[in-house]
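Structure in structure tokens, see below.
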Amino acid sequence: KQVVGQLLQDKENLSKFIEEGGADLLSEAIRWLSSLEDKKLVIEKLKKLEPDDMGKLNSMISLNSLNNILETWKQNKNNHSEEFWQKLFKSNAWILAQVFSQPMFIFKDKAYVGGKSFDNQGGQLVDFIYKNNLTENAALIEIKTPATRLLSSQYRDNVYSVSGDLSGSINQILSYKEDLQINIDNLNRGSKQKLRPFDPKCILIIGSFEMEKLNAVQHKSFEIFRSNLKSLEILTFDELFGKIELSIQLLQA
């Protein structure tokens, strides 16, 4: 306690300590505190911190997490693996949660929503089901990749068609929605956590404006198309991670 107290009192030595790797010790200390079984003791000590100090600490931790995720995005913009993105979003559920205006959490990933035939074939598995814990309503999220094409060829002057992958993905998630609503009684039976899917929202994460390099006419075609979809929202990967970049800018302001 005496050694740490002396270190904290001398700002010059404290800065030198952090520059030479002392911040790693801080990380280890935080991991150790979070692993303690008696968390009440830790919470009681943290309550003694000034609200402003606690706010700054939370901001630094949040900023670090956001920067790490943003760096992952920058290094994997060309990653064609759906499995990679599904694992990333599963381990960082808050990334997808930010697209909702209501408080939502992951209810189930790779969730069976029905659709099997009499010979037990053709089961439908949606990437993520999010749940509103207050209303028990559901939202379905389907993940593709940043490399998935949004548009195909020019249909007429100043009009472009959407890609086969995009139209197929839309039909896929809408089929999941229908199966979930039809089979909800059977799916809820025997489950401790219930869902009540009232016209559940569907979100499709697909493609990237940056990678596809759409011109003004193509942007217009895409925006007209997606803005007229009912109960389905299309979000590109660069739009999703752009929200994170905006959060970083706000925290750094």
Query - Summary of salt bridge (charged side-chain N to carboxylate O under 4.0 Å, His left out) pairs that have at least one residue in residues 151-160, sequence neighbours excluded - result: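 Listed once each, the pairs would be none.
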**Report entry** ring pair (Phe, Tyr, Trp, His ring centres under 6.0 Å): pairs with one or both residues in residues 190-212, sequence neighbours excluded
**Finding:**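 Every ring pair (Phe, Tyr, Trp, His ring centres under 6.0 Å) pair that includes a residue of residues 190-212, provided the two are not neighbours, is Phe209-His219, Phe209-Phe222.
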**Report entry** Non-neighbouring partners of Ile170 that pass side chain to side chain contact (heavy atoms under 4.5 Å, CB included), sequence neighbours left out
**Finding:**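 Per chain and number, Ile170 pairs via side chain to side chain contact (heavy atoms under 4.5 Å, CB included) with Leu166, Leu174, Leu204, Phe225, Leu229, Leu232, Ile234.
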Query raised in the report: Which residue pairs pass the salt bridge (charged side-chain N to carboxylate O under 4.0 Å, His left out) test with at least one member in residues 139-150, sequence neighbours excluded?
Result: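 Found Glu142-Lys144, Arg149-Glu212.
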Query raised in the report: Out of curiosity, Asn68 CG to Leu66 CG, how far, rounded to the nearest 0.5 Å?
Result: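 Here the interatomic distance stands at 9.0 Å.
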Report task. Check whether the side chains of Thr236 and Glu239 place a donor and an acceptor atom closer than 3.5 Å, and report yes or no. Result ->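 Looking only at side-chain atoms, Glu239 and Thr236 do form a donor-acceptor pair, the distance falling under 3.5 Å.
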Requested in this report: Answer whether the closest heavy-atom distance between the side chains of Trp73 and Trp85 falls below 4.5 Å.
Outcome: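 Side chain of Trp73 against side chain of Trp85, heavy atoms only: contact under 4.5 Å found.
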Query raised in the report: Does the ring centre of Phe107 sit less than 6.0 Å away from the ring centre of Tyr130?
Result: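 Centroid distance Tyr130-Phe107: not below 6.0 Å, so no.
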Query - Spatial distance of atom CG (Leu96) from atom CD1 (Ile106) [nearest 0.5 Å] - result: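 CD1 of Ile106 is found 6.5 Å from CG of Leu96.
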Requested in this report: Please list, chain by chain and in numerical order, all residues satisfying side-chain hydrogen bond (donor to acceptor under 3.5 Å, both in side chains) with Glu83, sequence neighbours excluded.
Outcome: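 Glu83 satisfies side-chain hydrogen bond (donor to acceptor under 3.5 Å, both in side chains) with Lys87 only.
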Query raised in the report: Counting only N and O atoms by type, is there a donor-acceptor contact under 3.5 Å from the side chain of Gln181 to the main-chain atoms of Glu178?
Result: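 No, Gln181 side chain to Glu178 backbone: no donor-acceptor pair under 3.5 Å.
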**Report entry** Of all pairs that satisfy salt bridge (charged side-chain N to carboxylate O under 4.0 Å, His left out), the ones with a partner from residues 129-138, not counting sequence neighbours
**Finding:**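 Non-adjacent pairs meeting salt bridge (charged side-chain N to carboxylate O under 4.0 Å, His left out): zero.
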Query raised in the report: Can you tell me how far CD of Gln249 sits from CD1 of Ile244, rounded to the nearest 0.5 angstrom?
Result: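 These two atoms lie 12.5 Å from each other.
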Report task. Can you sort out the partners of Ser161 under side chain to side chain contact (heavy atoms under 4.5 Å, CB included), two or more places apart, ordered by chain and number? Result ->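 Result, side chain to side chain contact (heavy atoms under 4.5 Å, CB included) vs Ser161: Ser152, Tyr155.
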Requested in this report: Identify, with sequence neighbours excluded, every residue that meets side chain to side chain contact (heavy atoms under 4.5 Å, CB included) alongside Thr135.
Outcome: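 Thr135 satisfies side chain to side chain contact (heavy atoms under 4.5 Å, CB included) with Asn132, Asn137 once adjacent residues are dropped.
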**Report entry** CD on Gln86 to OG on Ser81, rounded to 0.5 Å
**Finding:**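 So the gap between those two atoms works out to 8.0 Å.
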Report task. Could you tell me which residues satisfy side-chain hydrogen bond (donor to acceptor under 3.5 Å, both in side chains) with Lys243, sequence neighbours excluded, listed by chain and number? Result ->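 With neighbours one apart ignored, the set is empty.
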Query raised in the report: Considering residues at least two apart in sequence or located in another chain, which fulfil the side chain to side chain contact (heavy atoms under 4.5 Å, CB included) criterion with Thr72?
Result: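 Applying side chain to side chain contact (heavy atoms under 4.5 Å, CB included) to Thr72 gives Asn76, Phe84, Leu88.
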Query - Contacts of Tyr176 that satisfy ring pair (Phe, Tyr, Trp, His ring centres under 6.0 Å) - sequence neighbours left out - result: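 Checked Tyr176 against ring pair (Phe, Tyr, Trp, His ring centres under 6.0 Å); zero matches.
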Query raised in the report: Are the charged groups of Glu210 and Lys213 less than 4.0 angstrom apart, N to O?
Result: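 Answer for the salt bridge query: no.
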Query raised in the report: At what distance, to the nearest 0.5 angstrom, does CE of Met104 lie from CZ of Phe128?
Result: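 So the CE of Met104 and the CZ of Phe128 are separated by 13.5 Å.
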Requested in this report: Quick one: list whatever passes side-chain hydrogen bond (donor to acceptor under 3.5 Å, both in side chains) with Lys201, sequence neighbours left out.
Outcome: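 Scan of Lys201 (side-chain hydrogen bond (donor to acceptor under 3.5 Å, both in side chains), adjacent residues dropped) gives Glu233.
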Query raised in the report: Using a distance-only test with no angle check, is there a side-chain donor-acceptor pair under 3.5 angstrom linking Glu71 and Gln75?
Result: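 Side chains of Glu71 and Gln75: pair found under 3.5 Å.
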